[in-house]
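The block underneath contains the structure these notes are about, expressed in structure tokens.
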2 protein chains.
Amino acid sequence: MPQQPPLRAGAARNPSMADVAQRAGVSHQTVSRVLNESPLVKDDTRERVVAAIRELGYRRNNAARMLATNRSGRIGMVSAHLALHGPSMIATAVQGAGHEAGYQVSAIGLLEISEESLRDAVDRLLDQAVEAIVVAVAHRDAIHVVRGLSLPIPVVLVQGVTAGEPMAAGIDQHAGALLATEHLLDLGHRSVAHVSGPLDWIEATQRRLGWRHAHDHRDLLPGPEIEGDWSAASGYEAGTRIGHSDDVTAVFVANDTMALGVLKALHECGRRVPEDVSVVGFDNIPEAAYFWPAITTVDQQFSDLGRLAVDLTVRALEGDEAPAATLLRPELVVRASSAPPPE
Amino acid sequence: MPQQPPLRAGAARNPSMADVAQRAGVSHQTVSRVLNESPLVKDDTRERVVAAIRELGYRRNNAARMLATNRSGRIGMVSAHLALHGPSMIATAVQGAGHEAGYQVSAIGLLEISEESLRDAVDRLLDQAVEAIVVAVAHRDAIHVVRGLSLPIPVVLVQGVTAGEPMAAGIDQHAGALLATEHLLDLGHRSVAHVSGPLDWIEATQRRLGWRHAHDHRDLLPGPEIEGDWSAASGYEAGTRIGHSDDVTAVFVANDTMALGVLKALHECGRRVPEDVSVVGFDNIPEAAYFWPAITTVDQQFSDLGRLAVDLTVRALEGDEAPAATLLRPELVVRASSAPPPE
DNA sequence: CCCTCGAATGTGAGCGCTAACACTCGTACT
DNA sequence: AGTACGAGTGTTAGCGCTCACATTCGAGGG
């Protein structure tokens, strides 16, 4: 009695290229050619193969393909603070752009920024054989760690980026802050206060710098400065302090969420916005127009950024020499929360 | 002259198990055993292998492993509307819980809900050889499509779930709405208006039902009902209409973002919150406490949900027969926007 | 009619891993 | 002393694909 071939216990195996080949009466290589859209296949052969594929419900085994080609078609992304508007928008945008470019995107969201967690995330991505890594973490330390990692694959930065930096794409935070502050100065304010983000975030320092420079350009002295942590709570606290100092007529808040807190605090201090105090935010979150009052803010094109980042990544994978950072320009959106100073 | 072995042009190959084995003076299988933590390896052998791994910077080739084991260690997730608080929180939570459980998570965010886009997403996930799929799309149609797909792998639902449903986990929306509405009725309101989410979202209908039932339980007639689309803009519009009808003293809004719009509209109509009108939201977004006034809302434990969903998925992968839906209970968070009716 | 050449297809090896089984010991039992 | 056994290790055969090369086939030129 002939011995049964050793079958893997349980489930019936998925059809393989060989199965398709047999059914179509061709070799497995021809099936491979069809799948890879080689022009060297006669039309009627191709049709028979395609039919066989459909009939068997064949699906190419990507693991085998990866093994043979030594490519994964996958890029990794590490992000953090996904509860915040910007980071989450960027993550979504990169993911989408990656798919559009034909890559699978593996995302890892850091719960905590530390050298260890970052290394761990990168490690997990390397385990997945990603061909490149997009780092969307704006924290100062994170960027240093990443820069010092010297990975065997391209690494692209998309947050906390400065002009000219290699392998990086970003939105020009400095320009955005300049826009916001100049808008207030143009309205006639002699000085603008600032509620910044946490200053270990590169973007927070860049926005802060833009705010200062706007004053410098006009030989004006910047108003008081309070460091927040992006949260509405910190904005509220900052707003309370601002509400108590009568000489502040304008505030540039580094994001809309903090601005929400600032608005609330100003209301509670009995200061009207924009009659007594003008407030400008940053991010243009979808709710910004429904703050009380609707808030003037700075809009960033995140989806463009995602596309840009993926573009850069793909170029790097194709051997292009480290292209320098491209910075997108944000835009000011004027709403009801900014007006000329009282009197 | 002996012929050179055919080397792949370009980059030096990554070290393989064979390289490690050679360096450690063992067979590749022993290396495999060490990597898989087999107890059948003597301690000093293991140490030599570990040392060799470190020295060579060896990293196991997952493609080869997948090919040999016919397992991917990857689960897929399809989500949608990631700009909204709930969906984005759930996506993050599932991702995190998946990692904790030792799985890689491939997420696809739908840009548009349609049978085609859903099929496409599932297709892409199957191409990645995911072992199971978590569907986090609360849209009615999406759920129908998914249910009708009959995939060869487990599918777990985490939104738009009803009690008792197999392979599903969720948060009890009906109970949350009941909580919110009863809170208002307890305060003495005779009837509560409702700004619902779009009614093709299961969760919107569930919240609406909870609101109705709360009235039914007390033989009261529910107040007027307006359908929104989760956005602050739609909330604003609804709020404007509510602000014009003097008999409404309480509103249950189906999410906090719309509630923000409602608040703004009520302010503009000159109706004070909570003195004239009480407002209760849903979601407890981080900004909720900084609305003007801070809003009473319903809190959902998304991270628990993520863990629950992954747990379910893993159980299904281990052959457990389709366990029924578990619903988590949301909690009411009382803040300043709800108070007894005027008089 | 043979030869050439390019288009179309087939063949075989090998990617790096795991599973199954074969083997070699030393130890414990008869 | 011989046998049995299990711990520790090695050997071999795939997993399903792509690559490089071999082969076949038909059309066109001498």
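Throughout, a chain's letter reflects where its sequence line sits, starting with A, and its residues are numbered from 1. Computed from a predicted structure; not experimentally measured.
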May I ask you to list the residues of residues 31-41 of chain B, by number, that have any heavy atom positioned under 4.0 Å from an atom of DNA chain C?
Ser32(B), Asn36(B)
From the list dG10(C), dC17(C), dG16(D), which nucleotide is the closest neighbour of the side chain of Ser27(A)?
dG10(C)
Send over the distance from Asn14(B) CG to dC17(C) P, rounded to a whole Å.
10 Å
For a 4.5 angstrom cut-off between non-hydrogen side-chain atoms, does Ile90(A) reach Ser79(A)?
no
Send over the distance from Arg71(B) CZ to dA19(C) P, rounded to a whole Å.
11 Å
Between dC17(C), dT18(D), dG8(D), which nucleotide gets closest to the side-chain atoms of Gln29(A)?
dT18(D)
Do Gln104(B) and Gln128(A) have side-chain heavy atoms sitting under 4.5 Å apart?
yes
Would you say Thr30(A) places a side-chain N or O within less than 4.0 Å of OP1 or OP2 belonging to dG10(C)?
yes
What is the distance, rounded to the nearest whole Å, between atom CZ of Arg48(A) and atom C1' of dA8(C)?
12 Å
By nearest heavy atom, map His28(A) and Tyr58(B) onto DNA chain C; which one lands nearer the 5' end?
His28(A)
Answer yes when Asp127(B) and Arg60(A) have at least one side-chain N-carboxylate O distance shorter than 4.0 Å, and no when they do not.
no
Check whether the side chains of Thr92(B) and Gln95(B) place a donor and an acceptor atom closer than 3.5 Å, and report yes or no.
no
Using side-chain heavy atoms (C-beta onward) and a distance below 4.5 Å, is Arg23(A) in contact with Val20(A)?
no
Compare the minimum distances between each of dG14(D), dT11(C), dA19(C) and the side chain of Thr69(B), then state the nucleotide with the smallest one.
dA19(C)
Please determine, for the side chain of Leu67(A), which listed nucleotide (dG12(C), dG14(C), dG16(C)) has the closest atom?
dG16(C)
For residues Arg65(A) and Asn36(A), is any side-chain donor paired with an opposing acceptor at under 3.5 Å?
yes
Should Ser16(A) be listed as having a side-chain N or O under 4.0 Å from OP1 or OP2 of dG16(D)?
no
The nucleotide from dG16(C), dT9(C), dT18(C) with an atom nearest the side chain of Arg60(B) is dT18(C)
